[in-house]
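Side-chain atoms are counted along with the backbone in the values below, which use heavy atoms only and exclude waters and symmetry mates.
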Amino acid sequence: VKKGDRVSIYLPMIPELVYTVLACARIGAVHSVVFAGFSSESLCERIMDAKSSVLVTADGVYRGDKLINLKEISDEALEKCVEKGASSVARCLVIKHEALRTKTGASCNKLQTPWDSERDVWWDEAMSDSSEECEPEWLDAEDPLFILYTSGSTGKPKVMDFVAHGYLLYTFLTFKYVFDYQHHDVYWCTADIGWITGHSYIIYGPLANGATSVLVSKHQLGTRVDTRVPVHHSINVLMSM
């Protein structure tokens, strides 16, 4: 992956989602986060339009008590891309999020994750021998940072392009002055990173200000848990969506 490449990200609210977004930003790749609740058809449309060369997903995630096979949905989306003659994804990076591990440390995947050995790569295996050093790619002010699609509830999803310096300056300043963040504060935004609010006020804005923030996996949220999160983590700045 290099500067200008498109990377589609189909992940739940887990730390690896933040890692992937920031990794793309560091090397100048354009990330396209797709909300992990979308169907294979919705994912297919966004991959095709972005012309992504890489898809990052996970084996699965719980929504409530239901285990969702994200890799299976991703495979269906990639198959649809092939059927429509627009197969641009050369690699699919898969995170072992819900995989079980045996006492020996070996992976035992209860999801029965489908696998294409020529295309699919496990995240942990790819990272096992990777360097800890990664020089940043220098970008011009108007170079693209990421693209994001509307929900499509009123028609075909519309793509929004965000450029590096303008967007970063905007999120830095709005987080600093609108939220009046102070160095001793602990911040939590309840939005999903799949939407622009999550991009701006979970990832870029807080981190640009060096904020201490809380990331909560959506499947952990419920009425009972919601009320305990701020108290448990001493949160005193809250943005709720």
Side-chain angles (χ1 to χ4, degrees), residues 1-61 68-97 113-123 125-127 130 134 136-137 139 142-152 156-164 167 192-196 198-199 203-204:
V1 180
K2 59 185 183 301
K3 179 181 177 181
D5 288 347
R6 303 289 180 91
V7 177
S8 287
I9 305 171
Y10 186 64
L11 288 173
M13 290 283 287
I14 57 177
E16 288 86 351
L17 172 51
V18 180
Y19 306 160
T20 306
V21 165
L22 295 178
C24 289
R26 187 168 182 83
I27 63 175
V30 180
H31 62 77
S32 171
V33 177
V34 180
F35 174 57
F38 276 157
S39 67
S40 60
E41 182 63 35
S42 296
L43 176 58
C44 168
E45 288 179 352
R46 288 158 175 78
I47 290 174
M48 287 173 54
D49 188 79
K51 297 180 175 60
S52 298
S53 58
V54 176
L55 171 64
V56 183
T57 189
D59 53 2
V61 66
I68 308 296
N69 193 324
L70 291 179
K71 178 58 166 60
E72 190 173 81
I73 296 172
S74 299
D75 282 357
E76 290 174 2
L78 294 177
E79 288 172 7
K80 292 177 189 292
C81 290
V82 173
E83 291 171 2
K84 295 178 180 182
S87 179
S88 58
V89 173
R91 286 287 180 270
C92 181
L93 195 61
V94 187
I95 294 162
K96 293 176 182 175
H97 180 56
T113 303
W115 203 254
D116 181 337
S117 58
E118 294 184 0
R119 182 195 64 204
D120 300 339
V121 181
W122 286 114
W123 169 293
E125 293 178 5
M127 293 299 296
S130 63
C134 178
E137 184 72 35
L139 302 179
E142 295 299 311
D143 281 341
L145 178 63
F146 67 89
I147 59 175
L148 189 63
Y149 291 85
T150 59
S151 64
K156 184 178 178 180
K158 300 173 182 63
V159 63
M160 298 174 287
D161 296 271
F162 295 84
V163 297
Y167 173 77
D192 193 289
I193 295 174
W195 308 111
I196 188 58
H199 280 58
I203 300 180
Y204 287 109

Taking only residues two or more places apart in sequence, or in another chain, which ones meet [X] in a side chain to side chain contact (heavy atoms under 4.5 Å, CB included)?
X	value
Ile27	Val1, Ala29, Cys134
Glu137	Lys3, Leu139
Pro157	Glu45, Arg46, Tyr149, Thr150
Ala90	none

Please check if the side chain of His199 supplies one atom and the backbone of Ile193 the other of a donor-acceptor pair under 3.5 Å.
-> yes
Say whether, by atom type as modelled, one donor and one acceptor occur between the side chain of Asp161 and the main chain of Ile147 under 3.5 angstrom.
-> no
Can you name the salt bridge (charged side-chain N to carboxylate O under 4.0 Å, His left out) partners of [X], sequence neighbours left out?
X	result
Lys156	none
Asp5	Lys2
Lys158	none
Asp120	Lys71

Note, Arg119 side chain near Asp75 side chain (heavy atom, < 4.5 Å) | yes
Do Cys81 and Cys44 touch side chain to side chain, with heavy atoms closer than 4.5 Å?
-> yes
Can you say whether the rings of Tyr167 and Phe162 are parallel (under 30°), tilted (30 to 60°) or perpendicular (over 60°)?
-> perpendicular
How would you list all residue pairs meeting side-chain hydrogen bond (donor to acceptor under 3.5 Å, both in side chains) that involve residues 6-31, not counting sequence neighbours?
-> Ser8-Ser52, His31-Tyr204
Residue pairs meeting salt bridge (charged side-chain N to carboxylate O under 4.0 Å, His left out), one or both in residues 82-91, sequence neighbours left out, come to Glu41-Lys84
Residue list, side chain to side chain donor-acceptor pair (under 3.5 Å) with Ser39, at least two apart or on another chain =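 Applying side chain to side chain donor-acceptor pair (under 3.5 Å) to Ser39 gives Ser42.
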Pairing residues for Trp195 by the ring-ring contact (aromatic ring centres under 6.0 Å, His included) criterion, not counting sequence neighbours | Phe35, Phe38
